[in-house]
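Predicted model only: the values in this text are computed from it and were never measured. To find a chain, count down the sequence lines: A is the first, B the second, and so on, and within it residues start at 1.
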Amino acid sequence: MFVEPVYSSLITLLIIVVACAELCDAVTVVDVYRLVQYDLGGVPLGSRLAALSHHAGSSLYLSSAGAAADLSRTVLILPVRELNLTFIRDYIGQRKPLGGLLLLLPPVFSPQHSDSGGGADQDSAKDLVKEVLIEVERLLIHANIPYPVYFGFEDEAVHAMLGDVKKNDITGQPATATTGGQSEPGHPSPSDQRPPLGNFNNYASKVQQSPLDSLLCVRLSDEPIAFGYQRWALIGRRCGPWLRRRAAKSYKLVVAAPEPRKVASPAIINIQGWLPGLKADGDSNQLPTIAIVASYDTFGAAPALSVGSDSNGSGVVALLEIARLFSILYSNPKTRGRYNLLFVLTSGGPYNYNGTHKWLRSMDQRLRETIDYAICLNSIGSSSNELWLHVSKPPENAYIKQIFEGFSTVSEELGLKVGLKHKKINISNPRESQMLSFICLALRTGYVPICMVWEHEQFSLRVTAATLSELSVAPDFLESTGGLSDNRNFINEASISRSVKLVAESLARHIYGQQGKSIDIFADHSSLSINPSYIRSWVEFLSTTPRVAPFLSKNDPLIVALKKELADHTVEVNVQQELLDGMFTFYDSTSGRLHIYQVASVTFDLILLLVLASYLIVLFSFLVILTRVISMLADYVFEQGLDDLISLFRRPSSRKVKTA
Amino acid sequence: MTMFHFLNCAILTFGPHAVYYSATPLSEYDTLGTSIKAAVVYLVTALVKLVCLATFLKVSESDSFDPYQELLKALIGFVDVAGLYFALTQLTHRNISQNHKFQAVGLGWAFADSVLHRLAPLWVGARGLEFTWDFVLQGLEANANLVLCLSLAALGSLIWLRKNKPKTLIPIIYACAGIVATMPSITSYLKRGLGWHFPKVVGFELFTSLVMAFISWQLFTACQRPSN
C-alpha cells in the first residue's frame, strides 16, 4: 500500500516523541571525581578500579549490622562533614573489602563554588572540615585501595538519596542483591539478615502514630509517584511490615567508566621567560642573572579537582605579576637594571621538583653559571602575616645576610613579618639528594615525615637560592601540593599582593642598588603599582583549572595561556618538555558521571507477578461467569420466556400452591 | 528494572485482552478476524487523527490547559467515533450475532490502542534499571481503556446497528456515547487543568470505565428486551 512508508515513518516519530516524553526524569546523574591512581616505583597506590555498579549503603548500616556486615557489594556513601576518622583509618588500614566508596564534600570545596562569605562560625566549621579532609586525603593517597573511590559534592538529589539509604539502614535491611536490587547470576547472595526486633518495633510504631493514615487505604497526598509504594504497603496492613521490608526503595549507583589505562608519556613542561638586562658598552662580561621560580602543577586526591589555589597557584600569580612589573621597568633602557631576569614556571613540583631539576640540568652551561641568586615562590596566599625565607646556606653567609636584610626592611614597611629558616642538605650533588629522597619514600610506612625538600635545594650550592613560603616547615612528600581543600575560598588575594610587593621591592632595590634607602619603587597609585584585578583574574583562572602534570599536554590551554602571558612580559620564552621520572606512573579516568537508580527488589517483582496472575485469573473467571453463564440464562429466557425462568425458581412454592 | 518488570507490565497491559478473548464466547465463534480488521481500522483512524492534529493544532510550550486546543482535540477525537462506525457497519463480518460483533470490534480497537500508545514506552522505559510506578499505572490505564472501548462499541452498535430501540432510551444512549467518546479530553483536562497526579487520573479512569460499562450493559440488555 502507498500508505506504508508514510505510516511507518509516522509511527517511528510517534514512538520517538512518546519515548522522549516518558524518559526525561528517569535517573539522577551527578558528576563525580575519582581518587588518583598511580604507581610509585612499581608500588600500586590509590584507587585501582574505576567502574562502579553496586548498591548504596551508608555508615549507619555498619553500626546496625555490626561486624558481620558484608560490604563487598555495597558502595559506602560518607559525607565528609560527619566522617569518623578512626573508622575510615581502620577500614582502609585493615584493607576491608568494599564495593566502592563515595565521599561527599560540602559545596564550598567545589572549584565552581564562590564563597559568599558566611559568619565566623561558618568559617570555623569550614576549617574543621578542611582538617578532616587533609587527613583523609593523606590516608587515601598513600594506600592501595582495590575498589573505586569517588568524590562528589552534596546537593539536593544526593541528600535525598542518602536520607533514604539511611532510613533503610536503620531498619537493618541490608542492601544486597536479593533484597535491594537485581540478583546477579553466579553470585550467591549472603543469607538474608533478620533485622533486630527492637528496630522494627520502633519503625512500626512510628508508622502507627497516625492511625487515620493507617485506616485510609489511599492517601491523596502530593507525594510523587515513586513514593506510592508507601500507600500500597499501608493497604496490606496484615503483612505491612513484611511487605515494607521487601518493597523498600534501594538505590544502585553506577559509574560507567572504562578500564583505567596508563598515561603514555607523562610530560613535564617548563616555561621560562628571559628578560635581558642592560649591558654597558664595552663590558664583555656576562651580566648576572636573577631567577624567579615557581612550580605550577598540583597533585591531590582527586586530580580533576586539584586546582591548588594556594599551592602553588599563588606562587604562579605572584611570578606573573612580578614579571609584569619588571617588564614595565625593563622596557625603557633608562630604567633597565644590570641584571638579567629569568622567570621560570616549572612543573613536577610535587614529585620532588623533578621539573626544576631537569630544567637546571638541560640549561646552557654559561647561562647556568651566571645565575647569581634564585628565589622560589611557594604558597604565599593565605591570610597570615608571617612569611618564611628558607635557605640551605647558613645564615652567617654574607649573601644570605644581604638578602634577608633586604627582605626584612621591606617587610617592616609592609607590616609583614619575615623569618629566616635554615635547613641543611648534606649532599653537595643535587642528583644524589634526589636519590636520597626517593629512598626516603621507599621507607614510608607509617607516614613519619622522613624527608622534606624545598625547590631551592635543586640549585647548586654556588647559587644563593631561597624559597619564600608561608609554611614554616617543608611539606611532606605529596602534601600541600594543591589537594581537595586548597581552593579559591581559602586564599586571600591581599596576601598575594603583599607578597608580590615584598619580593618585587626587595629585588628591585637589590638590582638598582637602593638597599637601605627608603624608596618605594612599586608605590600604590603609581604606574608601577600592584594590580589587584590582574591578580584576581589569574587567581580565578588557576582556581578553576586542575593542573596535575601527567594530564597536561604541550597544547593544553593552560600551558598555552601561561606561555602567552610570559611572552607578553618577557623578551624570549622557551618551553621545555621532558618526560616525568620513571618512578611515577599515572592512570587516566579521573572523573565520571554517577547514575543513581532507584531499584526495586526481585521479590517485589515476584509479588507483582503473583498479584497480576491472580488478577488475570479472577478476571477470567468473572468474564466466564458473566458472559457464558448469563448468556446461557439469557438465551434460555429468550427461548423459554421470562415466566418460565421465574417458574423455575418458584417451582417449590408453586408446587405447594398447586398441591394446595 | 530489566525484562522481569517489562514482562510484568506487558502482562498487565495486554493480558486482559487475551483473557477477554478466551473467556467470553468470542473464542468459540472465532471472531479473531473481526478483531484484526477492527485493529487495522483503528490504525488508519490514528493516522488520520495524526494528520489532522498536525495540521490544525499549535504546539504549545507550556503544559497548561488551553480550552480552544482541547476543543479542537475533542473534535478530532470524533474521528475515532467515525472509525468505530466504519468498523461496526461497513466491514463485512461473518455471520456473528450483534452481541459478539461489538465485543470483537471493541476488543480489536482497544488492543490496537494499547499497542500503539503503550508498547513503545514500555519497551524503552521498563527495561531500564530505574524503577517507577509509571508503567504499572499505564497498564491499569490500558485496562480501563479496554472497558471504555467495549462500552463505546456497545453503545455504537446500539446506535447504528439496532433499529428498534425504545424511544425513551435513545437520548440516554447518545449521552453516554458522548461521554465515553470525550473521555480522552476529560482526562487531559484533569491532568493539565486541575493538575491531578497520574495515579489519581488512573483511578478516575478505572472508576468511570466501570460505571460506563455497567450503564451500557444495562442499556444493551434493556434494548434487547423489546424483542421478548
Side-chain angles (χ1 to χ4, degrees), chain A residues 3 6-7 10-11 13-16 18-19 21-23 25-28 181-182 218 220-229 231-232 249 252 254 595-600 602 604-606 608-609 611-613 615-617 619-628 631 634 637-638 641-642, chain B residues 1-2 4-5 7-12 15-16 18-26 28 43-44 46-47 50-51 54 97 99-100 103 116-126 128-139 143 195-200 203 217 221 224-225 227-228:
Chain A
V3 79
V6 180
Y7 169 67
L10 274 168
I11 290 298
L13 185 69
L14 187 72
I15 288 172
I16 291 170
V18 170
E22 298 274 3
L23 295 182
D25 295 320
V27 130
T28 317
Q182 303 168 270
V218 175
L220 298 176
S221 66
D222 289 326
E223 283 175 314
I225 299 163
F227 290 89
Y229 81 91
R231 284 175 240 172
W232 301 109
K249 218 180 340 168
K252 189 161 176 156
V254 177
H595 297 259
I596 303 174
Y597 295 100
Q598 286 178 13
V599 288
V602 170
F604 172 77
D605 272 331
L606 283 170
L608 193 61
L609 185 65
V611 166
L612 284 176
Y615 164 67
L616 287 178
I617 289 170
L619 187 69
F620 186 87
S621 33
F622 176 71
L623 285 172
V624 163
I625 293 172
L626 196 63
T627 51
R628 294 189 207 226
S631 72
V637 165
F638 185 61
L642 194 61
Chain B
M1 255 319 283
T2 69
F4 201 162
H5 191 64
L7 276 167
N8 276 344
C9 295
I11 289 170
L12 181 60
V19 162
Y20 192 88
Y21 186 78
S22 52
T24 57
L26 287 181
E28 281 175 17
L43 292 176
V44 173
L47 181 68
L50 212 63
V51 171
S97 78
N99 202 349
H100 299 140
Q103 283 180 55
L116 208 60
H117 288 305
R118 293 181 190 93
L119 184 62
L122 205 58
W123 177 254
V124 177
L129 269 179
E130 175 88 358
F131 173 75
T132 51
W133 285 94
D134 278 346
F135 299 106
V136 176
L137 290 169
Q138 209 180 49
N143 281 312
W196 280 20
H197 286 300
F198 199 33
K200 222 161 148 182
W217 180 40
T221 49
Q224 246 175 336
R225 247 177 248 143
S227 55
N228 242 349

Roughly how far apart are [X] [atom1] and [Y] [atom2], rounded to 0.5 Å?
{"X": "Tyr615(A)", "Y": "Ile11(B)", "atom1": "OH", "atom2": "CD1", "result": "12.5 Å"}
{"X": "Leu619(A)", "Y": "Tyr20(B)", "atom1": "CG", "atom2": "OH", "result": "9.5 Å"}
{"X": "Leu7(B)", "Y": "Leu609(A)", "atom1": "CG", "atom2": "CG", "result": "8.5 Å"}

### Message
What part of Leu606(A) gets within 4.5 angstrom of chain B, counting heavy atoms only: side chain, backbone, both, or neither?
### Response
both

### Summary
Across all chains, not counting sequence neighbours, the ring-ring contact (aromatic ring centres under 6.0 Å, His included) partners of His595(A) are none

#### Entry: ring-ring contact (aromatic ring centres under 6.0 Å, His included) partners for Trp123(B), two or more places apart
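Trp123(B): ring-ring contact (aromatic ring centres under 6.0 Å, His included) contacts with Phe6(B).
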
### Query
Does any N or O in the side chain of Glu130(B) come within less than 3.5 Å of the main-chain N or O of Gln598(A), such that one atom is a donor and the other an acceptor?
yes

#### Entry: Flag, side chain of Asp605(A) to backbone of Asn8(B), donor-acceptor distance under 3.5 Å
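Checked: no pair found.
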
### Query
Taking all non-hydrogen atoms of both residues, which atom of Leu616(A) and which atom of Gly15(B) are closest, and how far apart?
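Here Leu616(A) and Gly15(B) meet closest at CD2-C, 4.0 Å.
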
### Query
So which heavy atom on Ala23(B) is nearest to which on Leu623(A), and how close?
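Nearest pair, atom of Ala23(B) first, then Leu623(A): CB-CB, 3.7 Å.
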
### Query
For Trp196(B), is it the side chain, the backbone, both, or neither that has a heavy atom closer than 4.5 Å to a heavy atom of chain A?
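Nothing of Trp196(B), per the 4.5 Å heavy-atom cut-off to chain A.
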
### Aromatic centroids of Phe131(B) and Tyr597(A) separated by under 6.0 Å
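Centroid distance Tyr597(A)-Phe131(B): not below 6.0 Å, so no.
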
### Message
As a test of understanding, state which of Leu608(A), Val611(A), Leu612(A) forms a side chain to side chain contact (heavy atoms under 4.5 Å, CB included) with Val136(B).
### Response
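Only match with Val136(B) under side chain to side chain contact (heavy atoms under 4.5 Å, CB included): Leu608(A).
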
